Amino acid sequence: MSDLVRLTGEHLLIVSIAVVIAIAAGVPLGTFAHRRRRLGGIALRITDVVQTIPSLAMFGFLIPLPLLGGIGPRPAIVALVLYSLLPIVRSTLVGLERVDAHVREAATAMGMTDRQLLWNIELPLATPAIVAGIRIATVTAIGVATIAAAIGGGGLGTLIFRGVSMVDSRLILQGAVPAALLAIAADALLTQVEHYFAKRRGES
Amino acid sequence: MIEYRDVSVVRGGNAILDRVSLRIEKGEHVAFLGRSGAGKTTALKVINGLVGPSAGEILVDGAPMARHELPRLRRRIGYVMQQPALFPHRTVFDNVATVPRLLEWPEEKTRAEAERLLAQLELPLATFGARFPRMLSGGQQQRVAIARALIAAPEIVLCDEPFSALDPIIRAEMQSLFDGVVRASGAPPPTGAPEARTTRTTLVFVTHDVREALRIAGRVIVFDAGRVVVDTPADAFMSHQHPLVRRFVEA
Ligand SMILES: Nc1ncnc2c1ncn2[C@@H]1O[C@H](COP(=O)(O)OP(=O)(O)OP(=O)(O)O)[C@@H](O)[C@H]1O
Ligand SMILES: [Mg+2]
């Protein structure tokens with residue numbers, strides 16, 4: 001049992017670290033993609049491609065890489081960041097694009113600088129969409145993180161891989177069920193956060 | 001003072017504004033009249049730099065746009081758009097407080113001014129201040145947009161058919177409210193001003209409603225296909241012989 005608690009904790013830790021890094025990189029990237037359509041399109045294309053790499057292959061690719069790669073939790077986090085990036089970049093872009101052109105024009109006409117427009121108007125209005133992206137990224141990362149055990153990343157995948165090699169379905173379930181529950185809980189929690197921001201934005 | 005020097009705005013090969021030259025004096029109240037697509041909105045947007053001329057130049061207070069720091073200039077220009085375009089995530093009070101906050105007014109002054117102005121527009125702050133725009137009717141939203149544009153006592157006020165979306169009764173009500181508010185926001189007219197309808201505030205009001213134009217402005221400028229075709233004191237408008245004016249008068 002204490003094994004389960006420790007592995008759940010590990011799982012949550014690598015997912016949290018990865019999602020926080022993905023937010024820190026993804027929101028600015030999405031904002032940039034909105035300002036510079038061409039470069040933004042390219043950035044989006046790259047994250048799109050990354051998303052299609054099968055997760056086991058991704059972990060495999062990371063093993064020989066210096067610095068970021070290898071074995072253990074670090075390359076696992078790197079892979080999770082790469083997967084989480086797309087939904088966050090895309091939802092940031094979509095959220096910013098949905099801001100009413102008239103509202104943007106009003107803000108500019110009243111004398112907001114580009115920066116004030118971004119912080120006072122665009123990002124707050126895009127927040128529910130951004131949170132939706134974070135939710136999708138988190139749920140995806142919780143699932144993908146089970147594969148991270150293949151390269152020694154730890155987490156609930158450890159039980160699953162151990163179960164597979166020992167052909168012990170109870171052990172597999174001991175890893176899989178908590179992982180699924182974590183995903184469901186994260187989804188529910190972040191849906192609430194999304195509603196909260198939508199409400200604050202005066203919409204529901 | 002606002003001056004257009006041979007201003008053209010060309011988009012996709014079409015001249016939306018075609019060599020417009022105009023001088024609007026400080027404190028003048030001017031109506032831009034014209035049919036749909038005549039270029040009125042565009043003529044307004046070159047004044048606050050939302051649209052840049054393709055040729056010619058526009059001077060505000062004697063300085064060309066390039067010499068102005070645009071955000072700073074815009075904080076002195078009130079702009080009421082055709083749509084209210086309120087910030088949906090901000091309360092009525094926060095919407096109205098936008099420019100004062102950009103100007104870093106003390107919060108008490110912002111609140112006092114908002115209270116005074118919203119009361120004039122029959123939207124008491126105590127009742128409406130904490131509401132979000134979606135909790136207001138169209139006419140109420142439009143009034144908030146007017147308060148938001150006027151609160152910092154701008155030297156120039158640009159209005160783009162602010163009442164066109166309203167029903168006739170509210171519309172008439174809004175026109176007289178607006179009259180009162182603009183008049184109250186301006187100090188006494190400059191000494192020796194020839195027009196009755198002049199205040200400290202320079203007002204440019206876009207409309208395609210003749211009665212509205214004559215009620216609000218001392219001077220009427222008629223646009224057609226991007227050009228200024230008539231520029232006349234309001235008193236002389238009804239008897240002006242230009243065919244477009246005749247059509248407006250007889251419509
Ligand atoms: N960005 C743009 N690109 C191309 N054409 C434009 C652009 N903006 C305006 N136009 C065109 O320029 C013309 C004048 O537009 P404008 O909005 O200034 O007219 P308006 O007199 O305000 O009309 P309305 O009374 O219908 O509001 C229209 O034919 C419009 O389609
Ligand atoms: Mg227009």
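Numbers restart at 1 for each chain; the letters A, B, ... are given by sequence-line order, proteins then strands. Computation of the quantities below employed the complete heavy-atom set of this structure, encompassing side-chain atoms and omitting hydrogens, waters and symmetry-equivalent molecules. Given the structure is predicted, the values throughout are model-derived calculations rather than measurements.
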Looking at A:Arg170, I want to see if its CZ is surrounded by more than 12 non-hydrogen atoms of other residues, nucleotides or ligands under 6.0 Å.
no
Step through the shown structure and confirm whether more than 12 heavy atoms of other residues, nucleotides or ligands are within 6.0 Å of CZ on A:Arg36.
no
Quick check on the interface: out of B:Met135, B:Lys45, B:Arg148, who has the most heavy-atom pairs with chain A under 4.5 Å?
B:Arg148
Among the listed options B:Leu86, B:Thr91, B:Leu50, the residue most often paired with chain A at heavy-atom distances under 4.5 Å
B:Leu50
Can you tell me which of B:Leu103, B:Asn48, B:Val99 forms the most heavy-atom pairs within a distance under 4.5 Å of chain A?
B:Val99
For residues 64-81 of chain B against chain A, heavy atoms under 4.5 Å, the residues are B:Pro71, B:Arg74, B:Arg75, B:Ile77, B:Tyr79, B:Met81
For A:Ala106 versus B:Ala85, what's the shortest heavy-atom pair and its separation?
CB-O, 3.7 Å
Count the heavy atoms belonging to other residues, nucleotides or ligands that lie under 6.0 Å from CG of A:Leu56, then report whether that count exceeds 12.
no
Interatomic spacing from CG in A:Asn120 to CG in B:Asp94 - rounded to 0.5 Å
10.5 Å
Check for a donor-acceptor pair, side chain of B:His89 on one end and backbone N or O of A:Ala198 on the other, with a separation under 3.5 Å.
no
Relative to chain B, which segment of A:Ala101 carries a heavy atom at a distance below 4.5 Å: side chain, backbone, both, or neither?
neither
Top of A:Gln116, A:Met110, A:Met112 for chain B proximity - count of heavy-atom pairs under 4.5 angstrom
A:Met110
